[in-house]
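In what follows, a single structure is set out as structure tokens and then discussed.
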Amino acid sequence: MDLSNKIAIVTGGTKGIGRAIAESLVSAGAGVAITARNDDEIGRTVAELKTLGAGTVAGYACDVRDYGQVKSVVAEVAKEFGGLDILINNAGVGIFASVESMSVEDFRAVLETNVFGVFYCCHEAIPLMKQRGGGYIINISSLAGANPHAEMAAYNASKFGLNGFSEALMQEVRHEGIKVSYIMPGSVNTAFDGDEPSDEKSWQLQPHDIAQVVIDLLEFPERSLPSRVEIRPSRPPKK
């Protein structure tokens, strides 16, 4: 895929992995629409992204758990940009607690963000991609989608579910010219789940490592489809 003049949506695009992906897409010449829930973060990020390339950049307030908001934003992007070629489902939350102690509301928030939100975005994006003769959907998952851990039941369930959803969707739309891949990072040095990036965690993956995988996937030859990518730190601390 030649990224110049392609139109992309990046959910959760104001910080961390989503921000790095948006930066890479803009630098490659794509028109990029980012979504997030915080208006101030959206405005600041859009202004900064506009300095990176000539492509159009816009931001939209959207909680991916709300289908009405997703539907409205995707339609607005298609209207303002003229279509949609790439969807990066990056928005996600992690709430970690035992099944016994986790609230019903927190469990629902994790599943609705990490699985339902991806479904909503794909549901609205696929018809637009078909109109353009194809496209690419990339879902940001986690190694937690293959490796369960205590006190991660909600997050594990959401990422195991996202992986299965991605595999099934890939088979549904591949003959429509729409590729689907999912990326499963290990530890990434971001502010996810209240963590703080630091030099002491420099052994971890960096957000732009994941962005590089996204760009590589988008630029793969049309005949090939790396549908699942696992990426982990090369030298984690020895236990």
Side-chain angles (χ1 to χ4, degrees), residues 1-14 16-36 42 45-46 49-50 52-60 62 64 70-71 73-92 117-141 162 165-166 169-170 172-185 207-229:
M1 181 182 289
D2 178 5
L3 296 178
S4 59
N5 300 316
K6 296 298 184 183
I7 308 304
I9 292 177
V10 181
T11 67
T14 59
I17 292 172
R19 168 65 180 265
I21 293 170
E23 289 178 356
S24 294
L25 288 169
V26 172
S27 297
V32 177
I34 61 168
T35 75
I42 293 169
T45 303
V46 168
L49 290 174
K50 285 181 176 179
L52 300 178
T56 304
V57 183
Y60 302 85
C62 180
V64 297
V70 171
K71 183 175 182 178
V73 165
V74 174
E76 186 66 20
V77 170
K79 177 182 176 183
E80 294 298 319
F81 285 75
L84 180 63
D85 305 292
I86 301 163
L87 170 64
I88 310 297
N89 285 304
N90 168 74
V118 173
F119 165 75
Y120 296 153
C121 291
C122 291
H123 181 74
E124 293 303 307
I126 289 168
L128 297 172
M129 292 181 178
K130 287 182 177 180
Q131 291 173 14
R132 309 264 285 186
Y136 212 135
I137 297 170
I138 298 177
N139 298 327
I140 307 301
S141 184
L162 176 58
F165 174 87
S166 301
L169 179 62
M170 178 269 290
E172 287 182 14
V173 300
R174 63 197 304 182
H175 294 296
E176 304 285 348
I178 301 172
K179 292 184 175 184
V180 179
S181 301
Y182 60 104
I183 303 172
M184 301 168 63
H208 278 92
D209 296 332
I210 314 306
Q212 182 63 58
V213 175
V214 169
I215 298 299
D216 289 346
L217 288 171
L218 293 171
E219 293 182 341
F220 250 79
E222 179 61 29
R223 65 181 176 273
S224 61
L225 174 55
S227 56
R228 165 174 165 157
V229 179

Heavy atoms, side chains only, cut-off 4.5 Å: are [X] and [Y] in contact?
X: Val10; Y: Thr35; result: no
X: Leu217; Y: Leu225; result: no
X: Ile140; Y: Ile138; result: yes
X: Met1; Y: Glu219; result: no
X: Thr56; Y: Phe81; result: yes
X: Ile178; Y: Lys130; result: yes
X: Ile7; Y: Ile86; result: no
X: Glu172; Y: Val180; result: no

[X] [atom1] to [Y] [atom2] distance, which is reported to the nearest 0.5 Å:
X: Arg132; Y: Asp85; atom1: CZ; atom2: CG; answer: 4.0 Å
X: Leu3; Y: Ser27; atom1: CG; atom2: OG; answer: 11.0 Å
X: Leu218; Y: Leu25; atom1: CG; atom2: CG; answer: 6.5 Å

### Task
Could you tell me which non-hydrogen atom of Gly13 sits nearest to which non-hydrogen atom of Ala22, and how far apart they are?
O-CB, 4.4 Å

### Query
Under the side chain to side chain contact (heavy atoms under 4.5 Å, CB included) test, which residues partner Tyr182, sequence neighbours left out?
Asn139, Ser141, Asn163, Ser166, Glu167, Met184, Arg228

### Task
Mind checking side chain to side chain contact (heavy atoms under 4.5 Å, CB included) for Glu80 and listing every partner two or more places apart, or none if nothing turns up?
Tyr60, Glu76

### Task
Only one of Leu87, Val64, Asn89, Ile137 passes side chain to side chain contact (heavy atoms under 4.5 Å, CB included) with Val118; say which it is.
Asn89

### Task
Would you mind telling me which of Ile88, Thr11, Ile9, Ile126 makes a side chain to side chain contact (heavy atoms under 4.5 Å, CB included) with Cys121?
Thr11

